[in-house]
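To keep things clear, I will list the structure first and then write my remarks on it.
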Protein chains: 2
Amino acid sequence: MVNRKNIKDVARAAGVSISTVSRVLNDSKGVREELKQKVLDAVQILGYHSNTIARALKGMPTKTFGLLIPSIENPFFPSMVRGVQDEAHRNGYSVFLCNTDGSGIIEEAQFRLLLDKKVDGIILVASKYTTKYLKKENNELPIVMMDRYVRSPNYSYVTVDHSVGVRLAMDHLRTLGHKRIAFLGSKLISSGARERFQAYKRYMIDLRSKLDESLVVLGDYTYESGIKMTEELLRRDVKFDSILCGNDLIAFGVIEVLKQKGIAVPDSISVVGYDDIAFSSYYTPKLTTVHQPTYDVGQLSAKMLIDMISGVDRRVKHIKIEPSLAIRETTLRVGSDSH
Amino acid sequence: MVNRKNIKDVARAAGVSISTVSRVLNDSKGVREELKQKVLDAVQILGYHSNTIARALKGMPTKTFGLLIPSIENPFFPSMVRGVQDEAHRNGYSVFLCNTDGSGIIEEAQFRLLLDKKVDGIILVASKYTTKYLKKENNELPIVMMDRYVRSPNYSYVTVDHSVGVRLAMDHLRTLGHKRIAFLGSKLISSGARERFQAYKRYMIDLRSKLDESLVVLGDYTYESGIKMTEELLRRDVKFDSILCGNDLIAFGVIEVLKQKGIAVPDSISVVGYDDIAFSSYYTPKLTTVHQPTYDVGQLSAKMLIDMISGVDRRVKHIKIEPSLAIRETTLRVGSDSH
DNA sequence: ATTATTCTTGAAAACGTTTGCAAGGAAGGT
DNA sequence: ACCTTCCTTGCAAACGTTTTCAAGAATAAT
């Protein structure tokens with residue numbers, strides 16, 4: 001392995017021309033079986049690996065794609081990223097991971113950097129900035145939006161059906177006798193946040209013909225924001241018997257504040273999270289939450305992208321996966337007392 | 001942006017040869033100021049980006065490196081990865097992230113794949129397999145070991161000084177009056193696991209001249225293992241007043257089991273974690289734990305690698321960062337009663 | 001047997017750069 | 001004025017592939 005062999009070395013060893021070697025390494029068509037075997041043997045013996053860079057220069061695929069997410073530190077993403085990578089590696093792809101921190105400038109810069117690196121495609125978690133730079137490129141580069149997307153007939157996406165997720169959570173709470181269900185979620189800056197709030201709103205309107213705005217607080221998808229929103233809700237002095245949270249981190253903030261105020265969860269107030277990050281089942285009490293199949297979302301996104309790249313299936317597709325409900329320890333029937 | 005410009009287009013627009021363009025884009029030395037400006041203008045106007053692939057083919061750096069970790073789903077790694085990426089992007093590098101799942105076969109395969117992709121360097125979390133394939137390569141490729149390492153004068157690493165971490169935790173427990181401190185950690189398959197156990201052992205021997213083996217259980221760095229190890233410890237029917245855990249996930253398992261058995265934390269038993277993953281301060285009760293500066297470890301690793309790549313500093317270096325202790329709610333003075 | 005067709009093969013031209021080399025011009029020394 | 005030396009520039013060869021094209025061999029068709 002001291003100095004890498006090139007196609008010329010193989011050609012010499014096999015006693016053929018480099019064109020022949022190249023042919024057996026690619027299409028393999030139109031090469032006599034005998035020569036083909038000789039080449040394969042030579043490759044074997046010399047431990048030859050074709051040079052990705054040189055192939056890329058000739059316009060061949062780089063077997064590489066980009067993955068643009070807000071932040072790997074957001075516990076919602078690791079398993080999704082893992083899903084992408086597993087599918088990628090299974091198909092011989094390497095993936096560039098980039099964090100955008102929700103900044104349009106960074107997102108666009110990273111996007112262009114990926115273009116420069118000649119990736120075969122890009123998977124991205126769309127933001128409100130995405131369309132801006134995306135339509136500047138009228139290129140053929142395969143793109144898949146993952147989780148968060150923008151409505152467009154031009155781009156494929158795979159995401160989760162939040163109307164189902166919210167309905168599962170609400171039905172669960174209703175079944176337990178809850179009537180005044182508060183919603184503590186994210187401001188409506190992403191497709192997911194919008195859909196969750198819309199689904200909640202629709203559900204409440206169906207229930208009592210109008211939405212009680214005093215039951216709603218909007219902030220960020222963070223623990224700290226969960227704390228602030230709960231304090232705000234408490235300050236309003238409005239009656240509620242349960243809380244649906246926009247994600248699990250918010251739920252942890254909620255439970256922390258309720259605990260501090262001496263309000264028992266789930267005995268006095270039931271809490272439902274959203275996402276089902278790994279941590280939710282380690283938490284005490286174990287969090288009842290809407291389980292998002294994040295690994296599957298990642299894996300499917302990668303599969304879809306690879307299909308587009310390899311030309312197996314170039315059509316734009318919109319996939320929504322159904323979430324499920326993980327009923328654990330933070331929800332309880334109204335009026336029951338676990339003591 | 002419909003069709004990318006190449007260096008030839010720039011040369012034509014600026015009225016110079018491509019060599020001149022190349023020169024101003026690289027060293028910039030030995031080009032008349034006037035021409036240099038013309039070229040720069042042309043680059044500006046045409047929106048030219050030099051083709052990374054073609055440069056790489058000439059042996060120029062790809063501005064790309066690999067990052068090999070056990071799994072991004074392990075909550076210990078996201079912030080470390082983030083540290084690496086932030087430093088990388090600040091210097092114009094893109095990073096390939098790969099998961100090895102602790103498998104030597106996958107690790108080596110990924111390593112070779114990165115080599116094929118012509119990365120400028122590799123950061124890896126070493127395993128017992130690492131040396132095997134690493135010494136097969138007598139190449140010049142810059143390599144930095146991150147967090148887990150193997151002893152070798154040939155390879156740089158940056159890691160955390162666990163003897164300090166364990167001492168901080170033990171001193172804290174001793175100060176609170178704890179005498180019988182159990183250790184629930186990982187089997188000794190990584191440098192970190194070995195060092196933590198060794199430090200605990202040394203501390204206990206210093207204290208009472210010998211190690212009470214019945215206070216030690218070894219398993220994996222997981223929640224589930226934490227549960228099993230606690231059950232095992234309880235089964236032994238040995239007296240203990242506190243538990244030092246090999247990482248935070250184990251600590252969560254420990255606390256869960258103790259809670260189920262009606263043993264109050266921290267009132268009856270104090271628990272100290274290790275790592276200080278984000279979740280530990282969201283947990284109830286908030287976990288007292290050894291804080292590992294994981295972001296810094298990542299950032300420093302990347303900085304070190306980039307220095308090696310750019311030739312700024314090629315010496316092999318061994319850096320150990322000191323951890324700190326985050327005292328929160330799972331440790332209490334012996335005999336005190338919070339009720 | 002002769003011609004038309006198909007299969008195999010290799011030579012050579014790309015892909016977009018960097019860089020050694022040589023040439024031309026300007027500047028400096030005598 | 002002439003000879004060095006230095007600075008600036010362009011030509012052309014590489015880097016390791018893929019692929020078009022043409023040619024030669026082998027096969028099929030008449």
Count the heavy atoms belonging to other residues, nucleotides or ligands that lie under 6.0 Å from NZ of A:K117, then report whether that count exceeds 12.
yes
Might you confirm whether atom NZ of B:K118 has over 12 heavy atoms from other residues, nucleotides or ligands at distances under 6.0 Å?
yes
Ion pair check, [X] and [Y], cut-off under 4.0 Å:
X	Y	answer
B:E108	B:K136	yes
A:R12	A:D9	yes
A:D86	A:R82	yes

Please give, in whole Å, the distance from [N] [atom2] to [X] [atom1]?
X	N	atom1	atom2	value
B:K63	C:dT17	NZ	P	17 Å
B:R32	C:dG25	CZ	P	13 Å
A:K36	C:dT9	NZ	C1'	16 Å
B:D9	C:dT17	CG	C1'	13 Å

Describe, in one word, how the ring planes of B:Y133 and B:F111 are oriented to each other, choosing from parallel (under 30°), tilted (30 to 60°) and perpendicular (over 60°).
tilted
If I take atom CG from residue A:N91 and atom CD1 from residue A:I306, how far apart are they, to the nearest 0.5 angstrom?
4.0 Å
How large an angle, rounded to 10°, do the end axes of the helix from C:dA1-D:dT30 to C:dT30-D:dA1 enclose when each is built from five base pairs?
40°
For residues 60-93 of chain B, pull every pair meeting ring-ring contact (aromatic ring centres under 6.0 Å, His included), keeping only residues two or more places apart or in separate chains.
B:F65-B:Y93
What is the per-nucleotide protein-contact pattern of nucleotides 10-18 of chain D, from the 5' end, where B denotes a base atom under 4.0 Å from a protein heavy atom, S denotes such proximity for sugar-phosphate atoms only, and - denotes neither?
BBB-BBBBB
